[in-house]
Protein chains: 2
Amino acid sequence: MTDIKIPKATAKRLPLYYRYLVFLHDEGKEKVSSTELSEAVQVDSASIRRDFSYFGALGKRGYGYDVVNLLEFFKKILNQDTLTNVALVGVGNMGHALLNYNFKRTNNIRISAAFDINPEYTDTIMNGVPVYQNSDMKYQIGQQQIEIAILAVPKDQAQEITNQLVDAGIKGIMNFTPLRVSAPSDVRVQNVDLATELQTLIYFLEQDKH
Amino acid sequence: MTDIKIPKATAKRLPLYYRYLVFLHDEGKEKVSSTELSEAVQVDSASIRRDFSYFGALGKRGYGYDVVNLLEFFKKILNQDTLTNVALVGVGNMGHALLNYNFKRTNNIRISAAFDINPEYTDTIMNGVPVYQNSDMKYQIGQQQIEIAILAVPKDQAQEITNQLVDAGIKGIMNFTPLRVSAPSDVRVQNVDLATELQTLIYFLEQDKH
DNA sequence: TCTTGATAATGAAAACATTCACAAATTTGA
DNA sequence: TCAAATTTGTGAATGTTTTCATTATCAAGA
């Protein structure tokens, strides 16, 4: 596939572009300019062109980008042509919210297995997703060849569960706990730290006042 | 207060440092070195020293940083000495999860008002937080002098509600919807885009394979 | 077929962020 | 008391990302 060196900052914006392209396509739009895209996704238009340019020229000067073209292209880059199954560990409040989050619609991602220790939840189906006991983790993840897990357990279980996930063969973890879990270097951990985000927002706001 | 120019990247790490300092303090630790901190928050130790240095010399050579000192300092910088009230709009799945999220414990942040359109939820108390009708938004936010709101509504209401929030005097929005809402430049919007995060993780994972 | 306005591509510069590496200060232990 | 060990603070180097500014190309209308 694309073995060109893509800057990390660019890679993080790709899904954003993709989502808006899907929207444009649904609207029946045929072409789009970097300026227009810029307004919608709130990224500088020059950055957008630069980002796109890493993949080779996709647009036409004086015309813009062809929506369908771009969409097809991004679909491949982002593996959107195949459904990605992910696991969810912890179906408490946050986990439950994530089960209801529609990843599939625009992103072709599906939570295909959930795990919990609470017997009140386990061995049931929540939102169409089977909830297994934690002890089934290794087996299910192996069976379903899942590589990505969402970690939504209380923080005192975070490291322990992470170890189990790694042992089960998980290669990417989206970590919703406030703990920075440690994992082998070939396992990618993406932290989603809500309290920190809020705190940062408050900090910037305070700065803005001066 | 601190009118020094702090790099954005540094600012984003401050809450992280703060949280670990609280933990250390609870543990009764008196001093901490940049190396030790580095392991816990997973930030390069040189970066930590650099970050701290923007605030002036806070540590002692050959000794490390005094936990209580540092904690007091960060508490002020991050406004942790006063309770910050925030509003939550939308008490559906995600909103509900956020109501249960304990921001107060380590961050001195409290959701003090929630809003929704669903009469099933409004005029009740959820998790100790009063849920008002959207029409009460301006009044309540004004009364309680709330400056920050968490936006957790379906995406087709996102822009509309954002406008109302801005009108009510909100200055910072943590946006959980996948839509990039637009707001005046004096209103800060922080996007928490779960599908994008997951998608990015998948992308990087795919890259790692080659 | 010209001309004009729109718009992508891109080299170069600037801004921003991280990392290295070491002197200076301090602690520790003998 | 002194030498060894520790650890900060920071100049300089390096790396990354954004922004600027120019050029090349295209569509469409006269």
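Treat the numbers as computed from the prediction; the structure is a model and nothing was measured. Naming convention: chains lettered A, B, ... in sequence-line order (proteins, then strands); numbering from 1 in each chain.
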* Mind checking whether B/F115 and B/Y132 have parallel, tilted or perpendicular rings, split at 30° and 60°? ->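 The arrangement is tilted - the two ring planes meet at 30° to 60°.
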
With a cut-off of less than 4.0 Å, is there a side-chain N or O of [X] near OP1 or OP2 of [N]?
{"X": "A/K60", "N": "D/dA27", "result": "yes"}
{"X": "A/S34", "N": "C/dA8", "result": "yes"}
{"X": "B/S47", "N": "C/dT19", "result": "yes"}
{"X": "A/R49", "N": "D/dT18", "result": "no"}

* Asked: Between B/Y63 and A/R61, who's closer to the 5' end of DNA chain C by nearest nucleotide?
  ->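 Nearest nucleotide further toward 5': that of A/R61.
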
Rounded distance (Å) that lies between atom [atom2] of [N] and atom [atom1] of [X]:
{"X": "A/I48", "N": "C/dT7", "atom1": "CD1", "atom2": "P", "answer": "13 Å"}
{"X": "B/K31", "N": "C/dA25", "atom1": "NZ", "atom2": "P", "answer": "19 Å"}
{"X": "B/D66", "N": "C/dT26", "atom1": "CG", "atom2": "P", "answer": "15 Å"}
{"X": "A/L14", "N": "D/dT17", "atom1": "CG", "atom2": "C1'", "answer": "15 Å"}
{"X": "B/F55", "N": "D/dT8", "atom1": "CZ", "atom2": "P", "answer": "17 Å"}
{"X": "A/D51", "N": "C/dT10", "atom1": "CG", "atom2": "P", "answer": "14 Å"}
{"X": "B/L37", "N": "D/dT8", "atom1": "CG", "atom2": "C1'", "answer": "13 Å"}
{"X": "A/D44", "N": "D/dA21", "atom1": "CG", "atom2": "C1'", "answer": "13 Å"}

* Is B/E147 paired with A/K209 through a side-chain N to carboxylate O contact shorter than 4.0 Å? ->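 Looking at B/E147 together with A/K209, the answer is yes, because their closest N to O distance falls below 4.0 Å.
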
* Using a strict cut-off of less than 4.0 Å between a Lys/Arg side-chain nitrogen and an Asp/Glu carboxylate oxygen, indicate whether A/D167 and A/K138 qualify as a salt bridge. =>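 Looking at A/D167 and A/K138, the cut-off is met.
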
* No-hydrogen, no-angle side-chain donor-acceptor test under 3.5 Å, B/N85 and B/Q144 ->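 No, no side-chain donor-acceptor pair sits under 3.5 Å.
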
* Asked: Taking atom types as modelled, is there a side-chain donor on B/N127 or B/N100 under 3.5 Å from an acceptor on the other?
  ->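 Yes - a donor-acceptor pair under 3.5 Å links their side chains.
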
* Which residue lies toward the 5' end of DNA chain D, A/G62 or B/T35, if each is placed at its nearest nucleotide? ->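 Here B/T35 is the residue nearer the 5' end.
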
* With a non-hydrogen cut-off below 4.0 angstrom, is B/Y65 in contact with a base, only sugar-phosphate, or nothing? ->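 Sugar-phosphate only.
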
* To do: Please evaluate the base of D/dT18 for a donor-acceptor partner in the side chain of A/R50 within a cut-off of under 3.5 Å?
  =>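 Answer no: no donor N or O sits under 3.5 Å from an acceptor.
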
